[in-house]
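See structure below.
Below, chains carry the letters A, B, ... as their sequence lines are ordered, and counting in each starts from 1. The basis for the numbers below is simple: all heavy atoms, side chains too, and nothing from hydrogens, waters or symmetry mates.
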Number of protein chains: 2
Amino acid sequence: MAGTGRNGDTKVVTLSDVARLAGVSVATASKALNGRSQVAARTRARVEAAAEQLSFVPNRMAQGLLAGRTGTVGLLTSDLQGRFVIPILMGAEDAFGAGRVSVFLCDAREDTIREQHHLQALLSRRVDGLIVVGSRTDPRSTLGHDIPVPVVYVYAPSDDAGDLSLVPDNVAAGRIAVEHLVACGRRKIAHVSGDPGYAAALDRGVGVGEGLDAAGLKLVGDSMYADWSERWGRDASAVLLDRHPDIDAIVCGSDQIARGALDAVRDRGRVVPDDVAVIGFDNWEPMVEGSRPELTSIDPNLELLGRAAAQRVFAALDGDELGDGVHLQAPRLVIRGSTVPRS
Amino acid sequence: MAGTGRNGDTKVVTLSDVARLAGVSVATASKALNGRSQVAARTRARVEAAAEQLSFVPNRMAQGLLAGRTGTVGLLTSDLQGRFVIPILMGAEDAFGAGRVSVFLCDAREDTIREQHHLQALLSRRVDGLIVVGSRTDPRSTLGHDIPVPVVYVYAPSDDAGDLSLVPDNVAAGRIAVEHLVACGRRKIAHVSGDPGYAAALDRGVGVGEGLDAAGLKLVGDSMYADWSERWGRDASAVLLDRHPDIDAIVCGSDQIARGALDAVRDRGRVVPDDVAVIGFDNWEPMVEGSRPELTSIDPNLELLGRAAAQRVFAALDGDELGDGVHLQAPRLVIRGSTVPRS
DNA sequence: CCGTCAACAGAAAACCTTTTCGGTCTGTTT
DNA sequence: AAACAGACCGAAAAGGTTTTCTGTTGACGG
């Protein structure tokens, strides 16, 4: 705990410094600090004291050089907003254990060249594994198979079936949304979704259809697709509500669209959830908790996705088969005021 | 370009592999690939071909071991949502240049023990520098001065004046907000802010006061402080509008509060921006762009903050003095529909 | 033909740590 | 007393790269 200097001027202390202070060889110092048995208790104590005094931290680069493992993982993303990548990062940290594994986060910004640069950088740093996070659930091009470490694709699957991809189950999400509305006694259900160029929009739509079929219901009006904005949610809901005044629930393709829908319902002097229930997707906290009333939403369980990805990478390092194909993560319904009256 | 196997099975290729294939020594191979002059053009070409063929990537851990620099930086955050840390990360990546420096991102989750763990891990990985990002602008406890690499505190300053901190200038932000409203012809300005336990709330409030003084105006009603929620923005604005019907502008402590204010104004049958202008802080895209009308806001220029932090770390590595004290980043006004009519 | 010089290639050390193996010492067994 | 076992410590190699220094080769001038 000496440290009185300014940051950066203290010289880095190595194992030989510790060994010298303790009056032993580096070999013995190493064994003492790593709990090896070939060292006397008194010597061990002396070494530990020396290490403490110098606040020695072993150089993991050097360790990695020997071990062939660096204890690092690369997280390669194009998720500008950090909306998906942060929960995934947290899940990965949980799975790895804080401090045991460190994560390189690289933002490719949807740019293939930049992605290649980052990939080279990560490989040159000898990461033990790679997690690739997309910003949408559509398939993305594979990084290829000549990568010397296990790769897991998360959120956006790889377009190569030989790769392992973990993605949210959007079909199930749509189904669950409808099942919840039906359980709440709704029968006249409409659907406003986002950009039809996104697989997420279409998949959720499919799930909505399945849910309705299972309940013997038919969608009120057509599914509306355009973009993910609140404005669109507002406008589309307005059209639907005007054309079909008997609507008693709206399934929205995202929380933002749902907020627009809430506005549209209120503008028409109708009450959420008494007259019309509204449900969103993503369970994005600032959106769902800020709205009036708070928004019921389907949470894609991104932390679990991240954790699963990390576990897969870990297992592959221990020699397990990495696996392949697209694996679906079940979503989770989070009920709030927009579908159920405050009672 | 060979690579036909599954990920993880290809053996990592080293410089000696390249040297062997090219029929030279590792020393020569190294010099050839690094553009050193002591190599004949023909030999260089042969080595480069071999490296290409084996798709050789130098091991930066090994390089770092020699050079004493790893080309990595640690980003230590407690920003659960990634709202501040992502732009800062992007700024840092820009400053460093994609691929040249890689960033470890660690989320301490407001937990001191976890932070210590991460810190140890980062130091053991011999990061060249450390950027510490807080989730609020209040001072945080210093990491201490016995850290062998330069440390820059961003967003949340260190409580130790000997550390270097880069933070948004919230006082200026408040002032700029008022100046803009005054320039738009507003004279009856109210103020709804967030949690008074946050320096950000108070600082912006101070700036609002300065702006009003400079314009010879007085605040309508009292500054309202409670929390950062939309609900509070709605409720507080409602009270203010009912009590002071002549209000023609509301400065809000955050974009979320501003959204609440928009709701309250609309609930009273008044029009934004014609009757009442509303301005927020943070310029958080999903909030400002989803609202009706879109929200004028003060952007804290977080990317610039991140870039500046990265540049400071870099400069310190090159021997420059790191500097100390709290440095303010000027904000930027982003004008949208909530303060200026569509014309 | 010898010496000089330049141009180039390779050997070896260095970075920091871990591990294997051999060596020293103490104490014990026959 | 001699041999032996066991406990402990240290020397050395390994891991991949860069750099310095030494050595080789060939050309050229004297």
Side-chain angles (χ1 to χ4, degrees), chain A residues 11-48 50-51 54-72 120-128 148-149, chain B residues 10-48 50-51 54-72 120-121 123-128 148-149:
Chain A
K11 254 232 12 208
V12 176
V13 36
T14 76
L15 186 58
S16 26
D17 298 327
V18 176
R20 195 173 324 115
L21 179 59
V24 298
S25 72
V26 283
T28 308
S30 170
K31 282 181 284 197
L33 294 177
N34 289 301
R36 291 281 163 284
S37 59
Q38 300 284 59
V39 48
R42 273 203 51 209
T43 320
R44 185 187 305 278
R46 226 167 54 241
V47 173
E48 279 168 351
L54 299 175
S55 59
F56 166 72
V57 183
N59 185 335
R60 296 205 56 171
M61 312 277 101
Q63 289 180 327
L65 205 52
L66 259 319
R69 283 209 198 172
T70 55
T72 60
Q120 287 306 311
L122 290 173
L123 291 180
S124 78
R125 300 223 147 76
R126 295 297 187 265
V127 291
D128 292 334
V149 297
Chain B
T10 355
K11 256 237 4 213
V12 176
V13 36
T14 76
L15 187 58
S16 24
D17 298 327
V18 177
R20 196 173 326 115
L21 179 60
V24 298
S25 71
V26 283
T28 308
S30 170
K31 282 180 284 196
L33 294 178
N34 289 300
R36 291 281 162 284
S37 59
Q38 301 283 60
V39 180
R42 272 202 54 210
T43 319
R44 186 187 305 277
R46 226 166 55 242
V47 173
E48 279 167 351
L54 299 175
S55 58
F56 165 73
V57 182
N59 185 335
R60 293 207 55 170
M61 315 276 101
Q63 291 180 323
L65 205 52
L66 256 322
R69 284 210 195 171
T70 54
T72 61
Q120 286 305 311
L123 291 180
S124 78
R125 299 224 147 75
R126 296 293 188 268
V127 291
D128 292 334
V149 297

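- Distance B/Lys31 NZ to D/dT20 P: 10 Å, rounded to the nearest Å.
- In this structure, B/Thr28 OG1 and B/Leu33 CG are separated by 10.5 Å, a value rounded to the nearest 0.5 Å.
- Taking atom CG on A/Leu66 and atom C1' on D/dT17, their separation rounds to 14 Å, with Å as the unit.
- For the pair B/Leu65 CG and C/dA13 P, the interatomic distance rounds to 17 Å; values are reported in whole Å.
- Applying the side chain to side chain donor-acceptor pair (under 3.5 Å) test to every pair with at least one member in residues 63-72 of chain B, sequence neighbours left out, gives these pairs: B/Arg69-B/Asp318, B/Thr70-B/Thr72, B/Thr70-B/Asp128.
- When the local axes at the two ends of the helix from C/dC1-D/dG30 to C/dT30-D/dA1 are compared, using 5 base pairs at each end, they differ in direction by 80° after rounding to 10°.
- Nucleotides of DNA chain D nearest to A/Arg42 and A/Val26 differ in position, and the one nearer the 5' end is that of A/Arg42.
- Counting to the nearest Å, the P atom of C/dT19 and the CG atom of A/Leu15 are 12 Å from each other.
- With rounding to the nearest 0.5 angstrom, the CG atom of A/Asn34 is 9.5 Å from the CZ atom of A/Arg44.
- DNA chain C is contacted by both A/Ala27 and B/Arg46; B/Arg46 maps to the nucleotide lying nearer its 5′ end (nearest heavy atom per residue).
- Between the CG atom of A/Asn59 and the C1' atom of C/dA14 there is a distance of 14 Å, given to the nearest Å.
- Rounded to the nearest 0.5 Å, atoms OG (A/Ser55) and CD (B/Gln120) are 8.5 Å apart.
- One interatomic measurement links the two molecules: CZ of A/Phe56 to P of C/dC16, which rounds to 10 Å at whole-angstrom precision.
- Within the nucleic acid shown, A/Gln38 comes within 4.0 Å of at least one base atom, counting heavy atoms only.
- Between the CG atom of B/Leu33 and the P atom of D/dT17 there is a distance of 10 Å, rounded to whole Å.
- Between the side chain of A/Arg60 and the backbone N or O of B/Arg125 there is no donor-acceptor pair closer than 3.5 Å.
- Minimum atom distance to the side chain of B/Thr43 is reached by C/dC8, of the listed D/dT17, D/dC9, C/dC8.
- Contact between the side-chain N/O atoms of B/Arg36 and the OP1/OP2 oxygens of D/dT19 is found at a separation under 4.0 Å.
- Rounding to the nearest 0.5 angstrom, the gap separating the CE atom in B/Met61 from the CZ atom in B/Arg126 is 12.5 Å.
- For B/Gln63, a side-chain nitrogen or oxygen approaches OP1 or OP2 of D/dT18 to under 4.0 Å.
- Contact annotation: A/Asn34 reaches the phosphate of C/dT18 (side-chain N/O to OP1 or OP2, under 4.0 Å).
- Counting heavy atoms from C-beta on, the side chains of A/Val57 and A/Val12 never come closer than 4.5 Å.
- Among the heavy atoms of the strands lying under 4.0 Å from A/Thr28 is at least one base atom, whether or not backbone atoms are also near.
- Residue B/Ser30 places at least one side-chain N or O under 4.0 Å from the OP1 or OP2 atom of D/dT18.
- Going from atom CZ of B/Arg60 over to atom C1' of D/dG15 covers 18 Å, rounded to whole Å.
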